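Worksheet: the structure to be examined is printed underneath.
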Amino acid sequence: MKKKTVEYGKYGYIFIAPFFLVFLVFQLYPLLYTFFLSFVEYKDKNGKMFGPKFNGLGNYLDIIREKDFTTNSWRYLDTYPLNAIKNTIIMWVCNFIPQILLSLLLAAWFTDTTVKLKGQGAFKVLMYLPNIITASSIAVLFYQLFDINGPITLTLKHMGILDNDYNLMEHAAPTIGLIAFMQFWMWYGNTMITLIAGILGINPSLYEAAMVDGASSKQQFFQITLPLLKPILQFTLVTSAIGGLQMFDIPSLFNVSNGIGGPNRASETIAMQIREYGFVSKNYGKAASASIVLFIITLIISLVFFALTKDREPKQKHAVVK
Amino acid sequence: MAKSNTADASYSAQIRTKKIIRTIICVILCLLSVFPFYIMVINATHSSDTIKIGMQLLPGTKLGSNYTGLMKKAAGLGTNIWVAMLHSAIITVPATILQVYCATMTAYGLTVYQFKLKNVAWSFIMAIMMIPAQVSIIGFINFMMKIGLYNTYWPLIIPAAAAPSTVYFMKQYMASALSLEIIEAARIDGSGEFATFNRIVLPLMKPAMATQAIFAFVASWNNLYTPSMMIVDQSKKTLPMFVQALRSDFAKQDFGYIYLGLTMTVLPLFIIYFALSKYIIAGVALGGVKE
């Protein structure tokens with residue numbers, strides 16, 4: 001294989017060229033350009049575009065401090081973009097913890113050889129279903145269901161669970177809880193199927209040996225399945241965290257007024273904030289610096305993940321990939 | 001003997017109880033998956049006033065009037081639902097083809113040929129897999145404004161050619177499904193490199209390409225973030241942008257219209273999903289185990 005193909009080497013470059021060309025022009029250059037914009041003042045000033053003019057770390061300073069116009073002093077850390085990052089992380093955590101627990105439980109059930117569940121195929125299809133549906137439609141649907149006149153709100157009121165004049169959309173906790181629930185509901189099926197595939201990839205002789213030694217299915221799960229599933233769990237954690245940080249579709253169409261995640265910005269995510277700066281108020285410099293902060297957080301998560309998985313020997317990787 | 005029989009009996013009874021409990025929980029979860037969509041479809045057939053009274057579980061008779069009402073309202077918006085769907089298709093179909101074809105090409109280049117930068121290129125693709133599009137969106141928009149592609153569909157189509165996760169999947173699949181002897185044989189028969197790729201390799205890659213095409217299609221079809229910042233013309237709205245409009249004031253007053261609009265956006269995906277669910281579930285299982 002090696003010797004014979006050497007003379008064809010240049011075709012290798014030709015075949016990978018379109019990918020890299022498009023990547024350089026449409027992804028890498030915009031990323032570098034965003035980086036550049038994060039250091040300049042470039043915004044809409046009274047209807048006229050101002051800049052780009054070098055501004056040093058000014059935009060980044062604007063991320064961590066905001067002018068309080070009532071006291072005319074600077075307010076540090078309690079700013080729109082930092083609060084948006086905080087909201088995003090809260091909503092992700094509230095979705096991910098129940099999601100990974102339920103997915104693990106279901107994956108354990110579906111692969112349990114002593115208690116064979118019937119209809120697994122249908123279960124998987126229905127549990128995965130929400131993942132394929134347009135997130136925007138789901139957000140609007142849930143808004144309709146839980147709004148003040150929504151059928152679920154009305155049912156809860158008829159049952160006496162909610163007060164008659166209670167509006168879920170005016171309170172932060174139910175809004176965040178519902179957004180986290182939608183994310184959870186859309187993604188647990190996906191995570192479950194991934195974990196099932198991971199469990200099925202574990203060498204069956206390990207379970208046979210454990211069975212001979214009289215290990216219960218609980219013991220098998222905690223002593224064999226969970227440790228060997230660790231790389232996949234880490235992968236799920238990282239892809240979910242990175243995806244969660246970009247959260248946009250659901251919060252931007254759920255409890256919003258004038259494009260801002262309510263109530264009182266409680267459900268405004270960082271992606272929504274970037275869009276607001278870039279698209280609505282046309283402050284490209286500030287939007288770019290917020291993007292770069294998001295990029296750095298994403299990078300740190302990825303690097304931590306790679307550091308964690310680095311010491312794993314390649315052999316195991318092959319066994320899992322199979 | 002008798003003792004072990006009762007032990008067996010209680011053991012199997014225990015398993016049966018477990019099985020029943022687990023099945024019930026799974027059924028509940030499945031109902032939870034379907035229930036919101038069921039309410040959506042049912043409410044699409046009721047008038048706004050009926051919906052405001054409380055939860056409706058049986059279909060009503062207002063489907064026709066909701067449809068005409070929705071169409072009339074949407075007309076004032078510049079893009080009606082069918083046109084929005086068409087726009088989404090105009091973006092999604094070429095983007096999907098481009099994504100799957102270019103990814104297969106890249107994976108093929110990295111699998112079959114030996115060249116100096118091969119490992120560098122592969123590591124690079126792995127490294128950029130984690131970078132989300134959101135972080136470069138501001139630079140992307142400004143760049144598109146400069147080269148005159150802002151407010152067109154091109155920026156939503158062309159970047160699909162560089163999809164690292166699709167390349168990753170295709171390369172994994174090639175490692176197991178593509179034998180280099182076939183390519184050798186084709187060369188001996190005088191087939192050019194591109195002819196070999198298009199006529200011999202692509203047909204062999206069909207199952208993997210189909211799986212990836214489904215995911216690429218769904219991701220592009222459902223995308224709201226980039227179009228919502230790239231497209232400003234009311235008349236160029238895509239389907240998720242139409243959904244966004246449903247959420248805003250134009251339809252707010254009439255719930256029946258909203259539910260019908262949502263049903264119409266969701267229905268095509270339902271059909272695709274139930275027709276292809278076998279491949280989709282298999283694709284998720286394969287794609288997830290990448291580590």
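Here is how names work: the chains are called A, B, and so on, in the same order as the sequence lines, proteins then strands, and each is numbered from 1. Since this is a predicted model, take the numbers as computed values, not measurements. Atom set for the values below is all heavy atoms of this structure, side chains included, hydrogens, waters and symmetry mates excluded.
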On a heavy-atom basis, which atom in [X] and which in [Y] lie closest, and how many Å separate them?
| X | Y | value |
| --- | --- | --- |
| A:F26 | B:M144 | CE2-CE, 3.5 Å |
| B:L117 | A:Y13 | N-OH, 3.4 Å |
| A:I16 | B:T106 | CG2-O, 3.6 Å |
| B:C26 | A:L117 | SG-CD1, 4.2 Å |
| A:S291 | B:I138 | OG-CG1, 3.8 Å |
| A:K124 | B:I281 | O-CD1, 3.9 Å |

Among [options], which has the most heavy-atom pairs under 4.5 Å with chain B?
| options | result |
| --- | --- |
| A:T298, A:L129, A:L126 | A:L129 |
| A:G243, A:A271, A:S302 | A:A271 |
| A:L141, A:L195, A:T155 | A:L141 |
| A:F110, A:F142, A:Y188 | A:Y188 |
| A:K116, A:H158, A:K118 | A:K116 |
| A:I242, A:I133, A:L31 | A:I133 |

Query raised in the report: Should A:V115 and B:R22 be marked as a side chain to side chain contact (heavy atoms under 4.5 Å, CB included) after you check the CA-CA gap, both sets of side-chain angles, and the distance that decides it?
Result: CA-CA 9 Å; A:V115 186; B:R22 290 179 184 184; 3.7 Å; yes
Region of [X] that comes under 4.5 Å of a non-hydrogen atom in chain A:
| X | answer |
| --- | --- |
| B:Y225 | both |
| B:S228 | both |
| B:K278 | neither |
| B:I39 | side chain |
| B:N43 | side chain |
| B:L239 | neither |
| B:Y273 | side chain |
| B:V167 | side chain |
| B:I131 | side chain |
| B:I272 | neither |
| B:Y101 | neither |
| B:A163 | backbone |
| B:L98 | neither |
| B:I125 | side chain |

Hey, could you give me the [atom1]/[atom2] distance between [X] and [Y], rounded to the nearest 0.5 Å?
| X | Y | atom1 | atom2 | answer |
| --- | --- | --- | --- | --- |
| B:K52 | A:I148 | NZ | CD1 | 12.0 Å |
| B:M229 | A:I274 | CE | CD1 | 8.0 Å |
| A:N131 | B:S33 | CG | OG | 10.5 Å |
| B:I258 | A:S137 | CD1 | OG | 12.0 Å |
| A:I132 | B:F217 | CD1 | CZ | 10.5 Å |
| B:L262 | A:Y143 | CG | OH | 12.5 Å |

Using non-hydrogen atoms and a 4.5 Å limit, figure out which bit of [X] sits close to chain B: side chain, backbone, both or neither.
| X | value |
| --- | --- |
| A:F248 | side chain |
| A:L21 | neither |
| A:Y277 | neither |
| A:I138 | side chain |
| A:I152 | both |
| A:W185 | side chain |
| A:T153 | neither |

Mind ranking [options] by heavy-atom pairs under 4.5 Å with chain A and telling me who comes out on top?
| options | answer |
| --- | --- |
| B:L32, B:V243, B:N142 | B:N142 |
| B:I280, B:V232, B:V34 | B:I280 |
| B:T265, B:I158, B:I51 | B:I158 |
| B:P240, B:G54, B:A107, B:P132 | B:P132 |
| B:G139, B:A103, B:A133 | B:G139 |
| B:M40, B:Q56, B:M241 | B:M40 |

Report task. Applying side chain to side chain contact (heavy atoms under 4.5 Å, CB included), run through B:C102 and A:V22 and close with a yes or a no. Result -> CA-CA 10 Å; B:C102 284; A:V22 170; over 6 Å; no
For the residue pair [X] and [Y], establish whether any side-chain heavy-atom pair is separated by less than 4.5 Å.
| X | Y | result |
| --- | --- | --- |
| B:M55 | A:L154 | no |
| A:T34 | B:F140 | no |
| B:I137 | A:F279 | no |
| B:I25 | A:L105 | no |
| A:T194 | B:V284 | yes |
| B:F194 | A:Y11 | yes |
| A:F19 | B:P164 | yes |

Query raised in the report: Would A:F15 and B:T104 satisfy side chain to side chain contact (heavy atoms under 4.5 Å, CB included), going step by step from the backbone distance to the final call?
Result: CA-CA 9 Å; A:F15 271 97; B:T104 312; over 6 Å; no
Requested in this report: Mind running ring-ring contact (aromatic ring centres under 6.0 Å, His included) on B:F143 and A:Y33 for me, showing each step along the way?
Outcome: CA-CA 8 Å; B:F143 178 43; A:Y33 193 49; 7.3 Å; no
Query raised in the report: Are the side chain of B:R247 and the backbone N or O of A:A139 linked by a donor-acceptor pair below 3.5 Å?
Result: no
